[in-house]
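Both ligands and their constituent atoms are indexed starting at 1 by order of listing. Quick caveat: nothing in here was measured; it's all calculated off a predicted structure.
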Amino acid sequence: MVDYVVFGRGSYNQLEEILAPQRKDDYPMIFLVDHFFENSNLENNPVRRIPADKNDKIIYVDVAHEPKTTYVDQLSNQLKDEFGMVSGVVGIGGGSTLDLAKAVSLMMNNPGSSADYQGWDLVKHPGVYKVGIPTLSGTGAEVSRTTVLTGPTRKLGMNSDFTPFNQIVLDPELVAHAPANQRFYTGMDCYIHCIESLTGTYLNEFSKSYGEKALDLCRYVFLEKDNWDEVCDDKLMMASFAGGMSIAYSQVGVAHAVSYGLSYLLGTKHGIGNCIVMNHIEEYYPEGVAEFKKMVEKNKIHIPEGICKALSEEEFDIMINVSLGMKPLWENALGKNWESIMTRDKLRKLYGKL
Ligand code: NAD
Ligand code: ZN
């Protein structure tokens, strides 16, 4: 679990005092900031209030593509070359930036390439002190014990007890100006986490307690409320947190397993990829998909269609292989006999519909 949490409007202003006791000798604090904020004129742009000391460094990270192991290695090697060691890594941005911050922190203290640690419990040493400050709500990356990376052979996280942040700062003011489409796609990641967790075979009271709360919050913001306001930002930020806690002790399911294939082959981003799949899997989640479609309609969001129509059979095979490799996701969704239910043929048909 995350060691320390602060929540509230304006809580970002506490960052200086949060970081002060973590500064070691002259080692710098590294701020990895979503490149969106580099030239943004937003009044609440967090960059203007970064409490950087003279030794510190701000790096704007490129999240046009989801994080790759090569990018994590490049960033951590650059920091090792320049500073030897750092006091900590602070990630400010959406799920991609938070994952980069977690991975770079781990790679400051672990040898080799981040690709060596894609899997479960392969990380040997704790990373350097790390802080996560989300500027989008939904992924749950702020609380999870993974950091999702695309490596040379697979898209898989560094899942370990050393992966969660030491501190998170949940300030809903930082998500206030996210564009409605992006807010929806990332928000739906949370909604889909809830549906997949709550209907999965891995469900237990821990996951259920958090999942039900997150689902209520998602319903409030995406179905009940007519106009987006501050309350929606507050609630969706807590939904993301609770949704992340829910899947921490269960698992995601069909939408994620299928969307991983899309993202591996086509680079489709996580939130929108999940939405593209969710639109077509009523067979597995009849109520969840019906409600999802209502949310799409009410929020007037466009979900792309036909993204696989020009693909070759070899390309479908690549996606099918990536997807079927996500064994725990399928087992959670369909039970121990999942392999007899989700055959290659069936998955090929499903990809064909997307
Ligand atoms: P993102 O971080 O990929 O960002 C999406 C876009 O929004 C980017 O262009 C970014 O620059 C921009 N952006 C960020 N904050 C903004 C703001 N406040 N206003 C305007 N634009 C803003 O999006 P995401 O959906 O938050 O994260 C998706 C990533 O999270 C994927 O890489 C996925 O693999 C990862 N993920 C991780 C976990 C986990 O547990 N570690 C869980 C789910 C998803
Ligand atoms: Zn997700």
Would you say C190 has an N, O or S atom lying under 2.8 Å from the Zn ion (ligand 2)? no

Quick note on ligand 1: atoms under 4.0 Å from a heavy atom of S144 include exactly 39 (C), 40 (O), 41 (N)

Among all protein heavy atoms, pick out the one at the shortest distance from atom 26 (O) of ligand 1; state its residue, atom name and that distance to 0.1 Å. G95 N, 2.7 Å

Please determine, by modelled atom types, if D121 and S160 share a side-chain donor-acceptor pair under 3.5 angstrom. no

Among all protein heavy atoms in this structure, tell me which lies nearest to atom 31 (C) of ligand 1, with the distance rounded to 0.1 Å. E66 OE2, 3.2 Å

Please confirm whether F37 approaches ligand 1 to less than 4.0 Å, judged on its heavy atoms. yes

State whether any protein heavy atom lies less than 4.0 Å from atom 11 (O) of ligand 1. yes

Is it the case that D189 and H256 place a side-chain donor and acceptor less than 3.5 Å from each other? yes

May I ask you to list the atoms of ligand 1 that are less than 4.0 angstrom from any heavy atom of G94? 2 (O), 26 (O)

Would you call K353-E305 a salt bridge at under 4.0 Å N-O? no

Close side-chain approach of Y117 and T147, heavy atoms under 4.5 Å: no

W228-F184 aromatic ring centre distance below 6.0 Å: no

For T146, the ligand 1 atoms whose distance to one of its heavy atoms is below 4.0 Å: 39 (C), 40 (O), 41 (N)

Taking atom 33 (C) of ligand 1 as the reference point, the nearest protein heavy atom with its distance: H270 CB, 3.6 Å

Tell me, which protein residue and heavy-atom name are nearest atom 14 (C) of ligand 1, and how many Å apart are they? D34 OD2, 3.1 Å

Working to 10°, measure the angle at the Zn ion (ligand 2) formed by atom OD1 of D189 and atom NE2 of H270. 90°

Counting heavy atoms only, which of D99, T139, I247, N274 comes nearest to atom 37 (C) of ligand 1? D99

Record the part of L98 in heavy-atom contact with ligand 1 below 4.0 Å; permitted values are side chain, backbone, both and neither. neither

What residue among L32, D34, I50 forms side chain to side chain contact (heavy atoms under 4.5 Å, CB included) with I92? I50

Among side-chain atoms of S246 and S197, is any donor-acceptor pair under 3.5 angstrom? yes

Output yes when R348 and D317 qualify as a salt bridge under the 4.0 Å nitrogen-oxygen rule, no when they do not. no

Check ion pair E66-K269 (N to O, under 4.0 angstrom): no

Criterion side chain to side chain donor-acceptor pair (under 3.5 Å) on R344 and N321, from CA distance to verdict: CA-CA 9 Å; R344 293 186 76 86; N321 291 342; 2.8 Å; yes

Yes or no: does G93 have any heavy atom under 4.0 Å from an atom of ligand 1? no

Is the Y260 ring parallel, tilted or perpendicular to the H270 ring (thresholds 30°, 60°)? perpendicular

Counting heavy atoms only, name the option from L136, T163, T186, V175 that's nearest to atom 7 (O) of ligand 1. L136

Near V63 (heavy-atom distance under 4.0 Å), the atoms of ligand 1 are 8 (C), 10 (C), 11 (O)

Show the atoms of ligand 1 that are less than 4.0 angstrom away from any heavy atom in D189. 43 (C), 44 (C)

min-distance protein heavy atom vs atom 1 (P) of ligand 1 -> S96 OG, 3.5 Å

List ligand 1 atoms under 4.0 Å from A141, heavy atoms only on the residue side. 37 (C), 38 (C), 39 (C), 40 (O), 41 (N)

Ligand-side contact atoms (ligand 1) for residue partner H35, heavy atom cut-off under 4.0 Å: 11 (O)

Please confirm whether K235 makes a cation-pi placement over Y220, using NZ or CZ under 6.0 Å from the six-membered ring centre and within 45° of the ring normal. yes

Non-hydrogen atom of P67 closer than 4.0 Å to ligand 1: yes

Taking the basic N atoms (NZ, or NE/NH1/NH2) and the acidic carboxylate oxygens, is any pair closer than 4.0 Å for R23 and D53? yes

contact_flag L42 ligand 1 heavy-atom lt 4.0 Å: no

A student checking ligand 1 against L174 at a 4.0 Å heavy-atom cut-off should list atoms 18 (N)

